[in-house]
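Just so it is clear, the structure is predicted and the values come from calculations on it, not from any experiment.
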Amino acid sequence: MDTVDATVERLRGQCLSRGASGIQGLARFFRRLDRDRSRSLDARELQQGLAELGLALDMAEAEGVCRRWDRDGSGMLDLEEFLRALRPPMSQAREAVIAAAFSKLDRSGDGVVTVDDLRGVYSCHAHPKVQSGEWTEEEMLRRFLDNFDSSEKDGQVTLAEFQDYYSGVSASMDTDEEFVAMMTSAWRL
């Protein structure tokens, strides 16, 4: 296991042992590390925060962690990147129900969900903004799809993007049974 992976596991364990349970606890921890209140962490802030937990990294290691976790190329870690890195892995039961929901949405079977796939699977007629005429059905479907799309919002959602979205939801649910029941109900599986 390399330094970054080992650091993630140690940090996750330290946060949990100190009562930083769930996403809100980790978000509080992030805000404590963000000394300059920029809503992002640079390598120095990360290094100093980890040192408080007894996780000593030299600057090169802290920069390596930042590079690994930095998804948008900014050189800094925002809260979403930080939380994504610290999410515990999902169980097979959770991954399976996510894949089943994705398969239901992917009507064309091409491995990508688009607005066309959503038609007939997701009804937006009852949405107040569609009923009022503020949004068209097309706009509503696109906005719904954007929830699962990566930060680049290309109108196509892959299984990996769908899993990434639900890994965030999963992190806030204690049991597999609770998560599977929620997914089964939400997607009528």
In Å, rounded to the nearest 0.5 Å, how long is the span from [atom1] of [X] to [atom2] of [Y]?
{"X": "Ser91", "Y": "Phe179", "atom1": "OG", "atom2": "CZ", "result": "8.5 Å"}
{"X": "Leu46", "Y": "Gln48", "atom1": "CG", "atom2": "CD", "result": "10.0 Å"}
{"X": "Thr114", "Y": "Asp149", "atom1": "OG1", "atom2": "CG", "result": "11.0 Å"}
{"X": "His127", "Y": "Ser132", "atom1": "NE2", "atom2": "OG", "result": "9.0 Å"}

Going by side-chain contact (heavy atoms from CB on, under 4.5 Å), name the residues that satisfy it together with [X], two or more places apart in sequence or in a different chain.
{"X": "Asp78", "value": "Asp72, Glu80, Glu81"}
{"X": "Thr136", "value": "Glu138, Glu139"}
{"X": "Glu178", "value": "Met173, Asp174, Thr175"}

Exercise. Is a side-chain donor or acceptor of Asp70 paired with a backbone partner of Gly75 at a separation under 3.5 angstrom?
Worked result: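 Yes: the side chain of Asp70 pairs with the backbone of Gly75.
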Exercise. So, Lys129 side chain and Trp135 main chain: donor-acceptor pair closer than 3.5 Å or not?
Worked result: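 Here the side-chain-to-backbone pair does not exist.
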Exercise. Sequence neighbours excluded, which residues qualify as side chain to side chain donor-acceptor pair (under 3.5 Å) partners of Ser103?
Worked result: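 Ser103 satisfies side chain to side chain donor-acceptor pair (under 3.5 Å) with no other residue.
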For this session: Would you please name every residue forming a side chain to side chain donor-acceptor pair (under 3.5 Å) with Arg94, sequence neighbours left out?
Result: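 Here the qualifying residues are Ser170, Asp176.
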Exercise. Among pairs that include at least one residue of residues 34-48, which meet salt bridge (charged side-chain N to carboxylate O under 4.0 Å, His left out), considering only residues two or more places apart or in two chains?
Worked result: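 Listed once each, the pairs are Arg35-Glu52.
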Exercise. For residues 104-118, which residue pairs qualify under salt bridge (charged side-chain N to carboxylate O under 4.0 Å, His left out), counting only residues two or more places apart or in two chains?
Worked result: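 Sorted result for residues 104-118: Asp116-Arg119.
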Closest contact, heavy atoms only, [X] versus [Y]:
{"X": "Arg142", "Y": "Asp154", "result": "NH2-C, 3.8 Å"}
{"X": "Ala62", "Y": "Ala43", "result": "CB-O, 3.7 Å"}
{"X": "Glu95", "Y": "Met90", "result": "OE2-O, 3.7 Å"}
{"X": "Ala56", "Y": "Glu61", "result": "O-OE1, 4.3 Å"}
{"X": "Met140", "Y": "Cys124", "result": "CG-CB, 3.2 Å"}

Residues 180-189 side chain polar contacts: donor-acceptor under 3.5 Å, at least two apart:
{"from": "Thr184", "atom 1": "OG1", "to": "Val180", "atom 2": "O", "distance (Å)": "2.7"}
{"from": "Trp187", "atom 1": "NE1", "to": "Tyr166", "atom 2": "OH", "distance (Å)": "3.0"}

Applying the 4.5 Å side-chain criterion to the ILVMFWY set and letting contacts propagate, would [X] and [Y] be lumped into a single cluster?
{"X": "Val112", "Y": "Val157", "answer": "no"}
{"X": "Leu50", "Y": "Leu33", "answer": "yes"}
{"X": "Met76", "Y": "Trp69", "answer": "no"}

Problem set entry | side chain to side chain contact (heavy atoms under 4.5 Å, CB included) between Gln47 and Met59, intermediate numbers included | CA-CA 7 Å; Gln47 179 190 39; Met59 185 49 71; 3.1 Å; yes
For this session: Kindly state each residue pair satisfying ring pair (Phe, Tyr, Trp, His ring centres under 6.0 Å) with at least one member in residues 96-116, sequence neighbours excluded.
Result: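 The answer is Phe102-Phe162.
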Problem set entry | Contacts of type ring-ring contact (aromatic ring centres under 6.0 Å, His included), residue Phe144, not counting sequence neighbours |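 Counting only residues at least two positions away or on another chain, Phe144 forms a ring-ring contact (aromatic ring centres under 6.0 Å, His included) with Tyr122, Phe148.
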